[in-house]
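Just so it is clear, the structure is predicted and the values come from calculations on it, not from any experiment.
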Amino acid sequence: MNSPKRYDRIAFVASAGVEAQAALAQLVELYGNHDPEEADIVVALGGDGLMLQTLHRHMRSGKPIYGMHRGTVGFLMNEFSTNDLHARLAAARENLIHPLLMRATDVHGVVHLHHAINEVSLFRQTHQAARLRILIDERERMPELIADGVMVATPAGSTAYNLSAQGPILPINAPLLALTPISPFRPRRWRGALLPNTAYVVIEVLEGDKRPVAAVADHDEARDVRRVEVRSDKTISMRMLFDPGHSLEERILSEQFNY
């Protein structure tokens, strides 16, 4: 008698792209398709944008998420194949991801709570640079940052917008967050900081009426914010699966030698 497979019930989700939809049709014909609520695992077909959407949608479910690249950017995805998917899923390695929790208070005193898997970013809303004050664990570390903005990035997000802003690449298992400025004007040579992932980060907006600022947690935005608090939410653990030899840790390591 054969032992049951580790992931018998698969839920497939796909982006709207032609490649992703064709892959969805192929895989559903081969393996069926279960409702995500009843499935053992969710398989996402697309690019990193779809992976982020899928992680957000199933953030509290505890279900493992496995992505296959059928989109544009595929840093968070495995290679696409229709062959023996059950065996691939059973052999995959698991990475636990903790999201950031953003608590942003706007000019009207309204509090916006959102989670971010990649980063929480603050951006200037007009042509004028933002003036920001940064506190770490309730201690002022930078009385004034004049810049287009600033972000707090997770290891999983360190190769996304953070890397484009010249921020550091973090190993996926590093207990760190990256605090990275966006086009800093003053102090001009400040390149950011590495923070422990237990840090409580507070960013206060100075001259908010004259220099309005928006806060974004991945794709959720709050405008005209006055105070943004960011911390890692250890109550949520998302399970991402990668093929052996292609783990997120290996991808992040390889990216540092890709020049």
Side-chain angles (χ1 to χ4, degrees), residues 15 44 46-56 65 67 69 71-79 93 95-102 114-124 129-130 132 134 136 141-142 145-185 187-197 199 201 203 213-221 228 230-233 238 240 242-243 245-259:
S15 63
D48 285 352
L50 177 74
M51 175 57 82
L52 287 178
Q53 292 175 19
T54 305
L55 289 167
H56 274 280
I65 310 293
H69 188 206
T72 307
V73 180
F75 188 80
L76 300 176
M77 315 300 276
N78 298 284
E79 292 182 5
R93 307 277 178 83
N95 286 114
L96 289 180
I97 306 295
H98 301 293
L100 298 173
L101 176 62
M102 177 186 81
H114 296 293
H115 281 96
I117 295 161
N118 274 357
E119 74 280 316
V120 171
S121 304
L122 279 74
F123 301 100
R124 62 183 174 93
L132 307 169
I134 300 175
I136 308 297
R141 291 293 183 175
M142 183 162 289
L145 169 66
I146 300 178
D148 282 356
V150 69
M151 76 181 79
V152 181
T154 65
S158 68
T159 55
Y161 185 31
N162 172 74
L163 182 58
S164 298
Q166 308 301 313
I169 297 175
L170 304 178
I172 191 62
N173 293 318
L176 298 170
L177 301 173
L179 178 66
T180 302
I182 303 167
S183 301
F185 174 72
R188 191 180 297 274
R189 289 185 172 83
W190 186 61
R191 302 312 305 166
L194 292 177
L195 308 176
N197 63 6
V201 183
I203 303 167
V213 170
V216 182
D218 283 350
H219 52 260
D220 292 305
E221 182 180 40
V228 177
V230 182
R231 65 173 74 216
S232 181
D233 190 348
M238 293 167 289
M240 294 181 66
F242 293 92
D243 293 332
H246 297 278
S247 68
L248 191 53
E249 183 176 18
E250 172 60 28
R251 288 161 187 246
I252 288 174
L253 185 62
S254 296
E255 188 70 23
Q256 296 177 81
F257 295 91
N258 184 18
Y259 55 89

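- We find the CG-OG distance between Leu195 and Ser232 to be 11.5 Å, quoted to the nearest 0.5 Å.
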Give the C-alpha distance, both sets of side-chain angles, the deciding distance and a yes or no for side-chain contact (heavy atoms from CB on, under 4.5 Å) between Leu176 and Asn197.
CA-CA 5 Å; Leu176 298 170; Asn197 63 6; 5.9 Å; no
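- Met102 and Val120 make their closest contact through SD-CG1, 3.6 Å (heavy atoms, listed as atom of the first residue, atom of the second, distance).
- Across all their heavy atoms, Ala44 and Thr54 have their closest contact at CB-OG1, 3.8 Å.
- Annotation: side chain of Leu52 is not in contact with side chain of Leu50 (no heavy-atom distance under 4.5 Å).
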His114 vs His219, ring pair (Phe, Tyr, Trp, His ring centres under 6.0 Å): CA-CA, chis, key distance, verdict
CA-CA 9 Å; His114 296 293; His219 52 260; 8.6 Å; no
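- Atoms CD1 and CZ, from Ile65 and Phe242 in turn, are 11.0 Å apart once rounded to the nearest 0.5 Å.
- Pro155 and Ala174 make their closest contact through CG-O, 3.7 Å (heavy atoms, listed as atom of the first residue, atom of the second, distance).
- Residue Gly46 comes nearest to Ser15 through the heavy atom pair CA-OG, 3.8 Å, listed as atom of the first residue, atom of the second, then distance.
- Summarising the geometry, atom CG belonging to Asp218 is positioned 10.5 Å from atom CD belonging to Gln53; distances are rounded to the nearest 0.5 Å.
- You'll find the side chain of Pro181 stays beyond 4.5 Å of the side chain of Arg191, heavy atoms only.
- The CG atom of Asp148 sits 4.0 Å away from atom CZ of Arg124, with the distance rounded to the nearest 0.5 Å.
- Considering only heavy atoms from C-beta on, Val201 stays 4.5 Å or farther from Arg231 through its side chain.
- In this structure His69 satisfies the ring pair (Phe, Tyr, Trp, His ring centres under 6.0 Å) test with no other residue, sequence neighbours excluded.
- Contact annotation: the side chain of Met77 approaches that of Met51 to within less than 4.5 Å [non-hydrogen atoms, C-beta and beyond].
- Residues Pro184 and Pro187 come closest through the heavy atom pair CB-O, 4.0 Å.
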Asn162 vs Glu119, test: side-chain contact (heavy atoms from CB on, under 4.5 Å). Steps then yes/no.
CA-CA 8 Å; Asn162 172 74; Glu119 74 280 316; 5.6 Å; no
Assess the residue pair Ile182 and Tyr161 against the criterion (side-chain contact (heavy atoms from CB on, under 4.5 Å)); give the C-alpha distance rounded to whole Å, side-chain angles, the decisive distance to 0.1 Å, and a yes or no.
CA-CA 10 Å; Ile182 303 167; Tyr161 185 31; 3.6 Å; yes
Check step by step if side-chain contact (heavy atoms from CB on, under 4.5 Å) holds for Ile134 and Leu179.
CA-CA 10 Å; Ile134 300 175; Leu179 178 66; 4.1 Å; yes
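- Taken from OG in Ser158 to CG in Leu170, the straight-line distance is 4.5 Å, to the nearest 0.5 Å.
- With hydrogens and angles left out, the side-chain atoms of Asp233 and His98 include no donor and acceptor closer than 3.5 Å.
- When all heavy atoms are compared, the tightest approach of Ala129 to Ile146 is CB-CG2, 3.8 Å.
- Rounded to the nearest 0.5 angstrom, Leu177 CG and Thr180 OG1 are separated by 10.5 Å.
- Contact check for Val216 versus Phe123: side-chain heavy atoms found under the 4.5 Å cut-off.
- Between the Thr154 side chain and the Ile117 main chain, a donor and an acceptor come within less than 3.5 Å of each other.
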